[in-house]
Amino acid sequence: LLNSAKMSKSDGNFLTLYEAIHKFSADGTRLCLADSGDSVEDANFVEATADAGILRLYTFIEWVKEMISSKLLLRSGDKDSFYDRVFVSEMNFLIKATDDYYNKMLFKEALRTGLFEFQKARDSYRELCGSNNMHVDLVFAFIERQALLMAPICPHVAEHIFELLGKKESIMKAKWPLAGEVDEKLNK
């Protein structure tokens, strides 16, 4: 389906792969395709979702650049505040969930936990701590893990993030993030 209508050349409701990549980029198209559905139902490629996906990827890249340039303004030292521990536990939970969904080839669910909810956890952490009171190590651990979790769906953006972080090797050679301990009480 394209925008909830059956694709048909005769009706003019048609989008080729070439046109989709030209209009939305490779990663924008891949993100929208992953979000289109995993079930036996027809996938629904929604152009508004592709547009929103491009904006989300662009915003993430710009945020990473901002964090790199303001690295010295972020908090360092102990990372054992309540909000730090909640953020770490939430990241670990989402890494486990995303890994499980990828293993089951449920890409829509992997995208939900590995991109949307992962960034929502970051946004909550940022809001609770204040933008300059986030811990530098946790911010950059988040960025690296986010790039790794999105690499199967958005490899070009993930590779670019790795380059921004100064990584010498390709993200394709990086190890999948291992989740640490999840504290259910903290997550609640």
Trainee: Identify, with sequence neighbours excluded, every residue that meets side-chain hydrogen bond (donor to acceptor under 3.5 Å, both in side chains) alongside Lys96.
Mentor: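 For Lys96 there are no side-chain hydrogen bond (donor to acceptor under 3.5 Å, both in side chains) partners, ignoring immediate neighbours.
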
Trainee: Can you hop from Tyr58 to Ile161 via hydrophobic side chains spaced under 4.5 Å?
Mentor: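 No, it is not one cluster - the side chains of Tyr58 and Ile161 are not joined through contacts under 4.5 Å.
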
Trainee: If you take all heavy atoms of Ser25 and Thr29, which pair is closest and at what distance?
Mentor: O-OG1, 2.8 Å

Trainee: Could I get the full list of side-chain contact (heavy atoms from CB on, under 4.5 Å) partners for Leu55, not counting sequence neighbours?
Mentor: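 If we apply the side-chain contact (heavy atoms from CB on, under 4.5 Å) test to Leu55, skipping adjacent residues, the hits are Thr59.
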
Trainee: Might you point out which heavy atoms bring Pro177 and Ile95 nearest each other, and give the distance in Å?
Mentor: O-CG2, 3.5 Å

Trainee: With the 4.5 Å side-chain cut-off for hydrophobic clustering, are Ile153 and Val64 part of the same group?
Mentor: yes

Trainee: Of all residues at least two apart in sequence or in a different chain, which pass the ring-ring contact (aromatic ring centres under 6.0 Å, His included) check with Phe93?
Mentor: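 None.
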
Trainee: Would you call Asp123 and Arg126 a salt bridge, using N to O less than 4.0 angstrom?
Mentor: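 Looking at Arg126 together with Asp123, the answer is yes, because their closest N to O distance falls below 4.0 Å.
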
Trainee: Indicate the atoms forming the closest heavy-atom contact of Lys175 with Leu148, along with that distance.
Mentor: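 It is O-CD1, 3.5 Å.
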
Trainee: Would you name the heavy atoms of Ala158 and Met150 that are closest together and state the gap between them?
Mentor: CB-CG, 4.1 Å

Trainee: Walk me through it: do Glu109 and Arg112 pass the test salt bridge (Lys or Arg N to Asp or Glu O under 4.0 Å)?
Mentor: CA-CA 5 Å; Glu109 293 301 312; Arg112 180 181 57 81; 2.6 Å; yes

Trainee: To the nearest 0.5 Å, tell me how far Leu186 CG sits from Arg85 CZ.
Mentor: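 Reported to 0.5 Å precision, the distance equals 5.5 Å.
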
Trainee: Could you tell me the separation between the CG atom of Leu138 and the CD1 atom of Ile143, rounded to the nearest 0.5 Å?
Mentor: 11.0 Å

Trainee: Met67, Val157: one ILVMFWY side-chain cluster at the under-4.5 Å cut-off?
Mentor: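 Yes, Met67 connects to Val157 through the hydrophobic network.
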
Trainee: Using the test side-chain hydrogen bond (donor to acceptor under 3.5 Å, both in side chains), find all partners of Glu90 that sit at least two apart in sequence or belong to another chain.
Mentor: none

Trainee: Return yes if some donor-acceptor pair links the side-chain N/O of Arg30 with the main-chain N/O of Pro152 below 3.5 Å, else return no.
Mentor: yes

Trainee: Val136, Phe87: one ILVMFWY side-chain cluster at the under-4.5 Å cut-off?
Mentor: yes

Trainee: Taking only residues two or more places apart in sequence, or in another chain, which ones meet Ser81 in a side-chain hydrogen bond (donor to acceptor under 3.5 Å, both in side chains)?
Mentor: Asp84

Trainee: Is a salt bridge present between Lys65 and Glu62, judged by a nitrogen-to-oxygen distance below 4.0 Å?
Mentor: yes

Trainee: Under the ring-ring contact (aromatic ring centres under 6.0 Å, His included) definition, can you give me all pairs with a residue in residues 98-123, not counting sequence neighbours?
Mentor: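 For residues 98-123: Tyr102-Trp176, Phe118-Phe142.
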
Trainee: Mind checking whether Leu149 and Thr113 have side chains closer than 4.5 Å, heavy atoms only?
Mentor: no

Trainee: Can you list the residues that meet the side-chain contact (heavy atoms from CB on, under 4.5 Å) rule with Ser170, with sequence neighbours excluded?
Mentor: Glu159, Met172

Trainee: In the hydrophobic clustering (ILVMFWY, side-chain contacts below 4.5 Å, transitive), which residues join Ile21, or is it alone?
Mentor: Leu17

Trainee: Scan residues 177-188 for pairs that pass salt bridge (charged side-chain N to carboxylate O under 4.0 Å, His left out), counting only residues two or more places apart or in two chains.
Mentor: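 For residues 177-188, and leaving out neighbouring residues, there are no salt bridge (charged side-chain N to carboxylate O under 4.0 Å, His left out) pairs at all.
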
Trainee: Applying side-chain contact (heavy atoms from CB on, under 4.5 Å), can you list everything that pairs with Lys167, at least two apart in sequence or on another chain?
Mentor: Glu144, Phe162, Leu165

Trainee: Of all heavy-atom pairs between Ala110 and Thr98, which one has the smallest distance, and what is that distance?
Mentor: O-CG2, 3.7 Å

Trainee: Nearest 0.5 angstrom please: Phe60 CZ to His160 NE2, how far?
Mentor: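 Phe60 CZ to His160 NE2: 10.5 Å, rounded to 0.5 Å.
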
Trainee: Might you point out which heavy atoms bring Cys154 and Leu31 nearest each other, and give the distance in Å?
Mentor: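 Shortest heavy-atom separation between Cys154 and Leu31 comes out as SG-CD1, 3.8 Å.
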
Trainee: I'd like to know if Tyr18 and Phe24 are part of one continuous hydrophobic network [Ile/Leu/Val/Met/Phe/Trp/Tyr, side-chain heavy atoms within less than 4.5 Å].
Mentor: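 Different clusters: Phe24 never reaches Tyr18 through Ile, Leu, Val, Met, Phe, Trp or Tyr contacts under 4.5 Å.
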
Trainee: What is the distance from atom CE of Met134 to atom CG of Leu73, rounded to the nearest 0.5 Å?
Mentor: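 Answer for the CE-CG pair, Met134 versus Leu73, is 10.5 Å.
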
Trainee: Under a 3.5 Å cutoff, is there a donor and acceptor pairing between the side chains of Gln119 and Arg56?
Mentor: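 Yes.
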
Trainee: With sequence neighbours excluded, tell me which residues meet side-chain contact (heavy atoms from CB on, under 4.5 Å) with Thr49.
Mentor: Cys32, Asp35, Val46

Trainee: Taking only residues two or more places apart in sequence or in another chain, which ones pass side-chain hydrogen bond (donor to acceptor under 3.5 Å, both in side chains) with Asn92?
Mentor: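 Applying side-chain hydrogen bond (donor to acceptor under 3.5 Å, both in side chains) to Asn92 gives none.
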
Trainee: Spell out, as yes or no, whether a donor-acceptor pair under 3.5 Å connects the side chain of Gln146 to the backbone of Gly114.
Mentor: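 Confirmed, Gln146 side chain pairs with Gly114 backbone.
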
Trainee: How long is the gap from CG on Asp99 to NZ on Lys104, to the nearest 0.5 Å?
Mentor: 11.0 Å

